[in-house]
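Below is one structure, written out as structure tokens; comments come after it.
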Amino acid sequence: MKALHIKLTLGLAGLLAILAIGLLMLLGRTSDRYADELRQRLDAGIAMYVVRELRLISGNAVNAAAWRELANRAMTVNPSAEVYLLDTRGAVIAAVVPTDKLQRRIVDLGPIQTFLRSADERPLYGTDPSRPGSQRVFSVAPIVDNGALSGYLYVVLGGQPERSIAASLRGSYALRAGAAALGLVLLTALLAGGGLFAVLTRRLRALDSAMREWSRKVPSAAASPPIALGDEISTLEARFNVMSGAIERQIGELQATDELRRELVANVSHDLRTPLASLRGYIETLLIKDESSTEERRSHLNVALRQADQLGRLIDALFELARLESGSVTATMEPFSIAELLQDVALRFRVAADKHGVALHTLLDLSGVAVRADLALIERVLGNLLENAIRHTPRGGQVRLEMSIESELVRIRVIDTGKGIDPEHLPHLFKRFYSPQGRNDQRHTGLGLAIVKRIMDLHSQSVTILSQKGAGTTVEIALQRSIARPTPAFAMSA
């Protein structure tokens, strides 16, 4: 992760680099202009002195002798100066430069007029006839012949040619010293800015650390996708999104729990009211009919006892489901023989199956295959499934308890030949108190499959229901194997 203060420091370094380049360019240009101004002010009278000493134009013609003398003086005194003789329109009529160097024949008279009119406006740049597109500082003086303007003596003073910053620095000690001082100042500013950024972003780093610790403690946030590392702001943004998502999920879970609570209260009230009303009614009947016969009294008491049993079963199921959903129940995983457990459960329900006129069969692998699960909880799952299957299978039907072995799982199926369930009811069967239309039973709490689902969730395994109207129902659960698969040895009992 590239820290925010490092990014800010790098950004400041880039800005300071741009500032340094700009200042160096400004310093170089200012230095060149100052040198041109100084040269022009010092040599501003050269053209005027020459015009006073030499009569360069006589009778509207160039004085060749005077011009040759001027050329000799110019080459001797200042070889870098270029001397031009202009007519009144600015055309070059004579020049102290080689003919092949003369690139422009017309000189702009605007700067010349400004030079002659104002002595304070310096530096002034005029046309350089030997360099197209270039302008140089100059000195100029009007030439008057017989009281009339005959032309101008135009002297290009040399000036400073365009150079790069590097060339300027190499050629000037003052520029080098100034650049070094500027670099030292900018480096000091960079270090001070980096330290300031580190101090100012310290609270951001502390907040990011606190958010990271928070995300580790919240399960829904810890399960979120990993956060792409960036600076503190981008990381905080990502962690904020994770936090808001976790809070939204928790709010949704709370709303769902509250809805389930209201539904549970409504269902419990309904399911408790019926047996309580019946129980109360029969007890009141016994009190009213104090002189009733012993047989009638016994019948009323049996009905009251059944209603009390129904209340007890409902309360026990509610208590068990509440414990499973509260998270206070944990699965004690241990290896045990699944075939032995299936035999024990089948024997326990054989009497109930015979009483309902239902044949109970088993198809088991007796080779000693072990699963790793909570023995008591899985026994409760099997008991609920067999109880449902026997209750919803008509007399003369069959219920089969069988198992199949895979490389890592043991699948257990409870298959009945009952009326089956319509497909639209299948997704809702694991809800509390849900009962498909036409299968209402006052002796049934409606919590059996909900308990089965919660227990299998504790084992991180699946429970599925396959059914079709008129074709019976199959409920399958899967358990994790504990040992390698032995050779199957199936046994079937009637």
Taking all heavy atoms of [X] and all of [Y], pick out the closest pair and write down the distance.
| X | Y | value |
| --- | --- | --- |
| Asp374 | Met333 | N-SD, 4.3 Å |
| Arg372 | Pro335 | NH1-CD, 3.7 Å |
| Thr417 | Pro394 | O-CD, 4.2 Å |
| Ala352 | Ile390 | O-CG2, 4.1 Å |
| Ser139 | Ala44 | OG-O, 2.7 Å |
| Gln461 | Ala478 | CB-O, 3.1 Å |

Does the [X] side chain pair with the main chain of [Y], one donor and one acceptor, at a distance under 3.5 Å?
| X | Y | result |
| --- | --- | --- |
| His356 | Thr393 | no |
| Thr188 | Leu184 | yes |
| Arg131 | Gln103 | no |
| Gln40 | Leu124 | yes |
| Ser482 | Val371 | no |

Contact check, side chains of [X] and [Y], non-hydrogen atoms, under 4.5 Å:
| X | Y | result |
| --- | --- | --- |
| Leu19 | Leu15 | no |
| Gln480 | Glu408 | yes |
| Val137 | Pro123 | yes |
| Leu342 | Thr362 | no |
| Glu121 | Phe115 | no |
| Ile405 | Arg481 | yes |
| Leu363 | Met403 | no |
| Pro111 | Tyr125 | no |

Worked verdict on Ser367 versus Asp365 for side chain to side chain donor-acceptor pair (under 3.5 Å) = CA-CA 6 Å; Ser367 61; Asp365 183 339; 2.6 Å; yes
Could you give the distance from [atom1] ([X]) to [atom2] ([Y]), rounded to the nearest 0.5 Å?
| X | Y | atom1 | atom2 | result |
| --- | --- | --- | --- | --- |
| Met456 | Thr464 | CE | OG1 | 10.0 Å |
| Glu340 | Leu364 | CD | CG | 11.0 Å |
| Leu385 | Leu401 | CG | CG | 9.0 Å |
| Phe336 | Leu375 | CZ | CG | 5.0 Å |
| Arg41 | Arg39 | CZ | CZ | 15.0 Å |
| Arg348 | Leu382 | CZ | CG | 9.0 Å |

Do other residues, nucleotides or ligands put more than 12 heavy atoms under 6.0 Å from the CD atom of Gln113?
->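 More than 12 within 6.0 Å, yes.
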Donor-acceptor pair between Thr127 and Arg136 side chains, under 3.5 angstrom |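 Distance-only check fails for Thr127 and Arg136.
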Could you verify whether a donor N or O on one side chain and an acceptor N or O on the other, from Glu82 and Ser130, lie under 3.5 Å apart?
->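 Looking only at side-chain atoms, Ser130 and Glu82 do form a donor-acceptor pair, the distance falling under 3.5 Å.
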